[in-house]
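Working notes for the structure below.
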Amino acid sequence: MVDLRRQYSLLKSDIDEAIHNVLVNTQFILGPNVSELEKEIAAYHNTSHAIGVASGTDALLLALRACGVGPGDEVITTPFTFIATADVISLLHARPVFVDIVPDTYNIDPARIEEKITGKTKAIIPVHLFGHPADMAPIMDLARKYHLRVIEDCAQAFGATYRGNKVGSIGDCGCYSFFPSKNLAGYGDGGMIITRDEELANNLRLLRNHGSAIKYHHNLLGYNSRLDEIQAAIIRVKFKRIDEFNHMRRRHADLYRTLIRRDDIIFPTELSGCTHVYHQFTIRSKHREQIMQALKNHQISSAIYYPLPLHQQELFVSLYGDGEELKNSETCSKEVLSLPMFPELEKKEIQHISDVINHVS
Ligand SMILES: Cc1ncc(COP(=O)(O)O)c(C=O)c1O
């Protein structure tokens, strides 16, 4: 799905030098690369604060903690996402409340959120799935109306924009993952939280470091969840090129759309006012299995994100019982197929993949 060697070959000398410099400087924990990357990413989003943490999962967990989510609370989110969006809610002994998606974008349907808000609701986690922004305006309206926190799961959407604003800068917190296959990535785990709110930022800095601002003095129950200095150095090299890389993904998406000619395929949409960054190029078809098999026969990877929506996962059924039917998520999970997508993908490869798909009978 993603050939990570190609980007490494392209950036090898800069990445090798960045890693070497960390080894020579020996400031391995919360060193200068972490603080510089935090400044760079905050500026990119036009926000005041960015806090590097150990993973995208921890970014969500710490953001929920900083927003005061705890036992007995409810947090509204989408069932059509990676498990990390919701398991962090349960880890805090709060309860995820799943709201169905809009099939066009695969993102949470804002029109269905209000009916799920109760006296226990504390926050909403919209996910900008596959790189397309969730519809943030109505979500922010509801948050204001009911005094809810909004934590954006931007793990798949670095650089995506919604009505002129970068995702992550719209809610109270934006949470990023630097998992190696993400649009902006390290060579291991890593994550970041961005926020405009100084109090949240101060809290997050404590939470990531054992609840401590002054060494061996601890103010609250925290975690060891710091972004690794070597990862930060690598990510800084790639960050310089992120807009160019996202642009390449968008060009590949256009090419797939032009070259794949089948009536049974629904292409990803880009809503007006949104910039999609195509972390995934995800099509839908009732003939998904045949298409997948044909690609496999030609040694082409494809993947199903996600085969089982979260409300049907054993984990959540065992915790909360059978949830209600969420039709759009259930249908999409049976029809979606993600095709190879990464900046260094070549035109002739997209042509070949499209040819194979066009010839499936
Ligand atoms: C939508 C979403 N949320 C959260 C995460 C968790 O990020 P990480 O793997 O860095 O913990 C991921 C990625 O893996 C993701 O795709």
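Keep in mind that what you see is a predicted model, and the values were worked out from it rather than measured.
- In this model, a donor atom of one side chain and an acceptor atom of the other lie less than 3.5 Å apart for S90 and Y320.
- Looking at residues two or more places apart in sequence or on another chain, you find a side chain to side chain contact (heavy atoms under 4.5 Å, CB included) between T118 and E74, K120, T121.
- Residues that satisfy the side chain to side chain contact (heavy atoms under 4.5 Å, CB included) test with S302, not counting sequence neighbours, are M292, L295, L337.
- Side-chain N/O atoms of D254 and Y278 include no donor and acceptor closer than 3.5 Å.
- With sequence neighbours left out, Y162 forms a ring-ring contact (aromatic ring centres under 6.0 Å, His included) with no residue at all.
- A donor atom on one side chain and an acceptor atom on the other are found under 3.5 Å apart for R226 and N224.
- With sequence neighbours left out, the salt bridge (charged side-chain N to carboxylate O under 4.0 Å, His left out) criterion links E346 to K348.
- For the pair K182 and Y176, the cation does not sit on the ring face, since its NZ or CZ is not both under 6.0 Å from the ring centre and inside 45° of the axis.
- Applying the side chain to side chain donor-acceptor pair (under 3.5 Å) rule to pairs touching residues 184-205 yields nothing, sequence neighbours excluded.
- Of the inter-residue distances, the one linking T161 atom OG1 with H45 atom NE2 reads 10.5 Å to the nearest 0.5 angstrom.
- Annotation: the span from I214 atom CD1 to L206 atom CG amounts to 10.0 Å, rounded to 0.5 Å.
- Qualifying salt bridge (charged side-chain N to carboxylate O under 4.0 Å, His left out) partners for K116, counting only residues two or more places apart in sequence or in other chains: E324.
- Residues passing the salt bridge (charged side-chain N to carboxylate O under 4.0 Å, His left out) test with E330: none are found, sequence neighbours excluded.
- When the side-chain hydrogen bond (donor to acceptor under 3.5 Å, both in side chains) test is applied to K12, the partners found at least two apart in sequence or on another chain are D16.
- Residues passing the ring-ring contact (aromatic ring centres under 6.0 Å, His included) test with H132, sequence neighbours excluded: H276.
- Between the side chains of T269 and D104, no donor N or O sits under 3.5 Å from an acceptor N or O.
- Between F281 and the choices Y305, Y256, F342, the ring pair (Phe, Tyr, Trp, His ring centres under 6.0 Å) rule is met once, by Y256.
- Taking R261 as the reference, nothing meets the salt bridge (charged side-chain N to carboxylate O under 4.0 Å, His left out) condition, with sequence neighbours excluded.
- A search for ring-ring contact (aromatic ring centres under 6.0 Å, His included) contacts involving H311 returns nothing, not counting sequence neighbours.
- The structure places OG1 of T77 at 8.0 Å from CG of L310, a figure rounded to the nearest 0.5 Å.
- F178 is linked by a ring-ring contact (aromatic ring centres under 6.0 Å, His included) to nothing, counting only residues two or more places apart in sequence or in another chain.
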